[in-house]
S.K.: 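Structure below; questions to follow.
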Amino acid sequence: MQVLYKSTRGTGKEITASQAILQGLSEDGGLFVPTSIPTLGCSLEELSQMSYQEVAYEVMSRFLTDFTEEELKVCIAKAYDEKFDTREIAPLVQKKNAYFLELFHGATIAFKDMALSILPHLMTTSAKKNHADKEIVILTATSGDTGKAAMAGFADVPGTRIIVFYPKHGVSPIQEKQMLTQKGKNTYVVGITGNFDDAQTGVKKMFNDKELAKELAEAGFQFSSANSINIGRLVPQVVYYVYSYVKLLEKGEIEKGEEINVVVPTGNFGNILAAFYAKQMGIPIGKFICASNENKVLYDFFQTGCYDRNREFVLTNSPSMDILISSNLERLIYRIAGNDAEKNKKMMEALNQDGKYEITEEMKGKLQEFYGNYASEEETAQMIKHMYEETGYVLDTHTAVAASVYEKYVKETKDTRKTVIASTASPFKFTRSVMNAIDEKYDRMEDFELIDELSKLGKVPVPKAIEEIRTAPLLHDRVAESDAMPEVVRDILGIAR
């Protein structure tokens, strides 16, 4: 069955998966969604005997129906190879009363690698399929992880350039150094003097700037996105939720058809939306537990039905979740609005103009599968400390937010279903915050001393991604105001005004 894509704000024009991947964002400002969520083509038992790469093919081939079997298998083979430090790609580790799905074994030690290892291959294949004659300029905003993972994926990929904007004072020192040391003649990094929402809004504005698009086209360029607004980012994320379920099945941890819960530390809402899509495909998931940090806009939304970004922006120790505009939530809003693009568009316009929108009681009724809560900075640090002291397992700050919220959920609901917690980053990425949580004495150490100490404590080797930046030279130093982002892009691409 062919799956086509249409915009959450559009007239209903349907395009192929490869066209949606190439465009990134719809011309009307909407996000591309599949016209229907496909079901899995084989049984859960069959899937349980498969490798990660084989599961990836079974899931992605259902969504990306205009890719040939050979094209998709080549993309998967190039993506999920020795760049990952484990053959399992996404291992499940049982600690206390949950299974941690480790999504940080890729090249940049964060979950973004799971999708951004394959997106460049999907993108260049899509360009060939659609006879694209322009150089693709990947434009991306990052709250810390997407930027490095996207640059690592697109570095020196022919026919592409990648420009990453990040909040200059809103990422961890390790995250920043990973970005600023990125090699590749086609990679560009720009720190902006605002927060992530400023960067993300600036990128969206450029996508919707018809005059800029015309200038680019005349100079032989076209924009696309590596953010999770690109459906080519979202579809690969569905894979690991399917994989985690069938691996629990294979190990005899669950019976066939038994429901599990999924906990996801959430900022832009893409990662938890991927779990929701996995359920639509046929994976028995009971509750989607949406874990926020002190920027708890999603928690408040699930409590009240009102999405309101008019609040103080908090810089936390889980910076990849320091987000007040959760872009991917729009895909869920569109769905619970009965796939009504006009209704969704009005809400997104209200968010843009007034900073908030409210859903109807009927829409609220369609969110029963979701549970939202948040963890304070103190609770997050306590979770890291307690988990380490009780099990020897070291969590990063984002995964600790999820584990803390999961404890609250169990206490509140007494729901003891088997639960998978998305472990979205290696603790080595947020070493200072993690080590300070375990013992404040570590705050006196230098960043790379802390890394070696964490390696001893957690009894795990220092990841290659960290070793590489230990002595790497800084290659990028651009900083700009958020309203100067279009000028920066023109300058990088050599487009005169």
Side-chain angles (χ1 to χ4, degrees), residues 3 5 7-8 15-26 30-34 37 56 59-60 62-64 67 72 75-76 78-80 83 89-90 103-104 106-108 110-127 136-154 157 160 162-165 196 199-200 203-204 207 223-242 264 266-278 320-321 323 325-332 422 424-425:
V3 174
Y5 292 80
S7 167
T8 53
I15 61 173
T16 63
S18 63
Q19 288 168 333
I21 289 168
L22 260 187
Q23 281 188 47
L25 192 68
S26 173
L31 278 60
F32 288 114
V33 287
I37 306 285
V59 172
M60 292 172 66
R62 310 295 288 173
F63 281 99
L64 310 179
F67 283 70
L72 192 50
C75 289
I76 289 166
K78 284 179 178 175
Y80 305 112
K83 286 191 292 293
I89 306 296
L103 300 172
F104 53 76
T108 74
F111 83 101
K112 307 290 171 78
D113 289 324
M114 302 300 293
L116 285 165
S117 295
I118 194 166
L119 182 63
H121 306 296
L122 295 176
M123 187 85 72
T124 49
T125 305
S126 296
I136 299 163
V137 179
I138 305 296
L139 207 57
T140 266
T142 185
S143 54
D145 289 334
T146 289
K148 171 63 182 179
M151 285 191 292
F154 280 96
V157 170
T160 69
I162 177 161
I163 306 172
V164 170
F165 294 94
F196 170 73
Q200 182 167 252
V203 165
K204 282 184 175 176
F207 270 105
F223 279 148
S224 191
S225 170
N227 278 77
S228 53
I229 54 176
N230 192 317
I231 199 71
R233 262 282 303 276
L234 194 58
V235 168
Q237 291 180 271
V238 179
V239 175
Y240 48 74
Y241 292 109
V242 175
V264 187
T266 311
N268 226 2
F269 207 75
N271 203 2
I272 197 164
L273 185 71
F276 179 74
Y277 278 14
S320 300
M321 297 158 67
I323 293 171
I325 304 172
S326 302
S327 287
N328 266 289
L329 184 62
E330 179 172 345
R331 286 184 166 114
L332 184 65
T424 52

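Predicted, not measured: the structure shown is a model, and the values here were computed from it. No hydrogens, no waters, no symmetry mates; every other heavy atom, side chains included, goes into these values.
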S.K.: Kindly indicate whether the side chain of Leu72, heavy atoms from C-beta on, has any atom under 4.5 Å from the side chain of Leu122.
M.R.: yes
S.K.: To the nearest 0.5 angstrom, please state how far the CZ atom of Phe269 sits from the CG atom of Leu234.
M.R.: 11.0 Å
S.K.: On a heavy-atom basis, which atom in Ile76 and which in Ala56 lie closest, and how many Å separate them?
M.R.: CD1-C, 3.8 Å
S.K.: Under the side chain to side chain contact (heavy atoms under 4.5 Å, CB included) criterion, do Lys112 and Thr142 qualify, and how do the steps go?
M.R.: CA-CA 11 Å; Lys112 307 290 171 78; Thr142 185; 5.6 Å; no
S.K.: Using modelled atom types and a 3.5 Å cut-off, is there a donor and acceptor pairing between side-chain atoms of Ser143 and backbone atoms of Ser320?
M.R.: yes
S.K.: Is it the case that Gln200 and Asn268 place a side-chain donor and acceptor less than 3.5 Å from each other?
M.R.: yes
S.K.: Do Ile21 and Met123 have side-chain heavy atoms sitting under 4.5 Å apart?
M.R.: yes
S.K.: Between Tyr80 (side chain only) and Met114 (backbone N and O only), is there a donor and an acceptor less than 3.5 Å apart?
M.R.: yes
S.K.: Measure the CZ-OH distance between Phe63 and Tyr5 for me, rounded to the nearest 0.5 Å.
M.R.: 6.0 Å
S.K.: Flag the pair Tyr277 / Gln237 as yes when at least one side-chain heavy-atom distance between them is below 4.5 Å, and no otherwise.
M.R.: no
S.K.: Kindly indicate, with the supporting measurements, whether the criterion side chain to side chain contact (heavy atoms under 4.5 Å, CB included) is fulfilled by Leu332 and Ile272.
M.R.: CA-CA 10 Å; Leu332 184 65; Ile272 197 164; over 6 Å; no
S.K.: Quick check for you: to the nearest 0.5 Å, what is the distance between Thr124 atom OG1 and Leu22 atom CG?
M.R.: 9.5 Å
S.K.: Quick one: OG1 on Thr140 to CE on Met151, what's the gap to the nearest 0.5 Å?
M.R.: 9.5 Å
S.K.: Taking atom CG of Leu139 and atom OG of Ser224, what is their separation to the nearest 0.5 Å?
M.R.: 9.5 Å
S.K.: Given 3.5 Å as the limit, does a donor-acceptor pair link the side chain of Arg331 with the main chain of Ile229, or not?
M.R.: yes
S.K.: Does Thr424 reach the main-chain N or O of Ala422 with its side chain, forming a donor-acceptor pair under 3.5 Å?
M.R.: no
S.K.: Report the residues that fulfil ring-ring contact (aromatic ring centres under 6.0 Å, His included) with Phe67, sequence neighbours left out, ordered by chain and then residue number.
M.R.: none
S.K.: On a heavy-atom basis, which atom in Leu103 and which in Ala90 lie closest, and how many Å separate them?
M.R.: CD2-CB, 4.0 Å
S.K.: Can you list everything that forms a salt bridge (charged side-chain N to carboxylate O under 4.0 Å, His left out) with Lys83? Sequence neighbours excluded, please.
M.R.: Asp81
S.K.: Can you check whether Leu31's main-chain N or O pairs, donor with acceptor, with Ser26's side chain at less than 3.5 Å?
M.R.: no
S.K.: Side chains of Arg233 and Asn230: do they bring a donor and an acceptor to under 3.5 Å?
M.R.: no
S.K.: Provide the closest heavy-atom pair for Thr125 versus Cys75 in the form atom of the first, atom of the second, distance.
M.R.: OG1-SG, 3.5 Å
S.K.: Between Val203 and Ser225, does the side chain to side chain contact (heavy atoms under 4.5 Å, CB included) criterion hold? Intermediate values first, please.
M.R.: CA-CA 9 Å; Val203 165; Ser225 170; 5.8 Å; no
S.K.: Do you know the tightest heavy-atom contact between Ile231 and Ala20?
M.R.: CG2-CB, 3.9 Å
S.K.: Quickly, which of Asn271, Thr146, Asn328 forms a side-chain hydrogen bond (donor to acceptor under 3.5 Å, both in side chains) with Ser228? Name it, please.
M.R.: Asn328
S.K.: Run the side chain to side chain contact (heavy atoms under 4.5 Å, CB included) test on Ile136 and Phe154 for me, step by step, so that the C-alpha distance in whole Å, both residues' side-chain angles and the decisive distance to 0.1 Å come before the verdict.
M.R.: CA-CA 11 Å; Ile136 299 163; Phe154 280 96; over 6 Å; no
S.K.: Quick check: does any side chain N or O of Glu330 sit under 3.5 Å from a backbone N or O of Thr8, one acting as donor and the other as acceptor?
M.R.: no
S.K.: Do Lys204 and Ser327 meet the criterion of a side-chain donor-acceptor pair at a distance under 3.5 Å?
M.R.: yes
S.K.: Shortest non-hydrogen contact from Ala226 to Ile138?
M.R.: CB-CG2, 3.5 Å
S.K.: Which heavy atom in Thr108 sits nearest to a heavy atom in Ala152, and how many Å separate them?
M.R.: CG2-CB, 3.9 Å
